[in-house]
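Everything below concerns the one structure shown next.
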Amino acid sequence: MLNHIVMMGRLTKDPELRQAGDTPVCSFRIACDRDYKNKAGEKETDFVDVVVWRKMSENVAKYFTKGRMAIVSGRLQIRPWTDQEGNKRYSTEIVAEHVYFGDSKPKAQEGDAGQPSKGFVPDFGGAYSEPPEGFVPDFGDEDGELPF
């Protein structure tokens, strides 16, 4: 069974870096707009939890902030847990294998005279590859309507 997912969305708050034993782990949530509108003509948004492990987690915590666009590639994970009342609950999250910038750098990180500085590629320990210059995701010729 294929269990790979790619999502793009904006971080809803700054990533949280913590330790799981000796291993760094970072978690954050992205807001992803759906490609279609509801019956009222409004776009809906899904909020997706993301977990990143090891060296990449440290780099995500260092370079990503609330509001930045992220492209996340990884596997979908559903974890069962029990709440305080003893009810079985489930949490769905993406365990990221790759995290890419989906936007240009914020103004605070740009070079002199408001011009973007060239060559900014953070060291993601080999687990990060920057999208090619001019990369724009192609979602096809969808009109926003569901095909069923």
* To do: Given side chain to side chain contact (heavy atoms under 4.5 Å, CB included), test Thr45 with Lys43 step by step and report yes or no.
  => CA-CA 7 Å; Thr45 303; Lys43 281 209 169 204; 5.9 Å; no

* List, by chain and then residue number, the residues other than Val51 in its hydrophobic cluster (Ile/Leu/Val/Met/Phe/Trp/Tyr, side-chain heavy atoms under 4.5 Å); write none if there are no others. =>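 Reading the cluster by chain and number, Val51 sits alongside Val25, Trp53, Val95.
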
Show the nearest heavy-atom pair for residues [X] and [Y], with the distance to one decimal.
{"X": "Pro24", "Y": "Asp22", "result": "CD-O, 3.7 Å"}
{"X": "Met8", "Y": "Cys32", "result": "O-SG, 3.4 Å"}
{"X": "Arg34", "Y": "Asp46", "result": "NH2-OD1, 2.8 Å"}
{"X": "Met7", "Y": "Ile30", "result": "CB-CD1, 4.2 Å"}
{"X": "Met56", "Y": "Glu97", "result": "CE-O, 2.6 Å"}

* Please name all residues satisfying side-chain hydrogen bond (donor to acceptor under 3.5 Å, both in side chains) with Glu58, sequence neighbours left out, ordered by chain then number. => none

* Set of residues satisfying side-chain hydrogen bond (donor to acceptor under 3.5 Å, both in side chains) with respect to Thr92, sequence neighbours excluded -> none

Does the side chain of [Y] come within less than 4.5 Å of [X]'s, by heavy atoms?
{"X": "Ile71", "Y": "Val6", "answer": "yes"}
{"X": "Leu17", "Y": "Ser57", "answer": "yes"}
{"X": "Val52", "Y": "Phe64", "answer": "no"}

* Is there a side chain to side chain contact (heavy atoms under 4.5 Å, CB included) between Met69 and Arg10 once you walk through the steps? -> CA-CA 4 Å; Met69 180 71 72; Arg10 295 202 179 272; 3.7 Å; yes

* **Parallel, tilted or perpendicular: rings of Tyr63 and Phe101 (30°, 60°)** => perpendicular

* Structure fact -> Separation between CZ (Arg79) and CZ (Arg89), nearest 0.5 Å, reads 14.5 Å

* Look only at the side chain of Asp14 and the backbone of Thr65, and say whether a donor-acceptor pair between them is shorter than 3.5 Å. => no

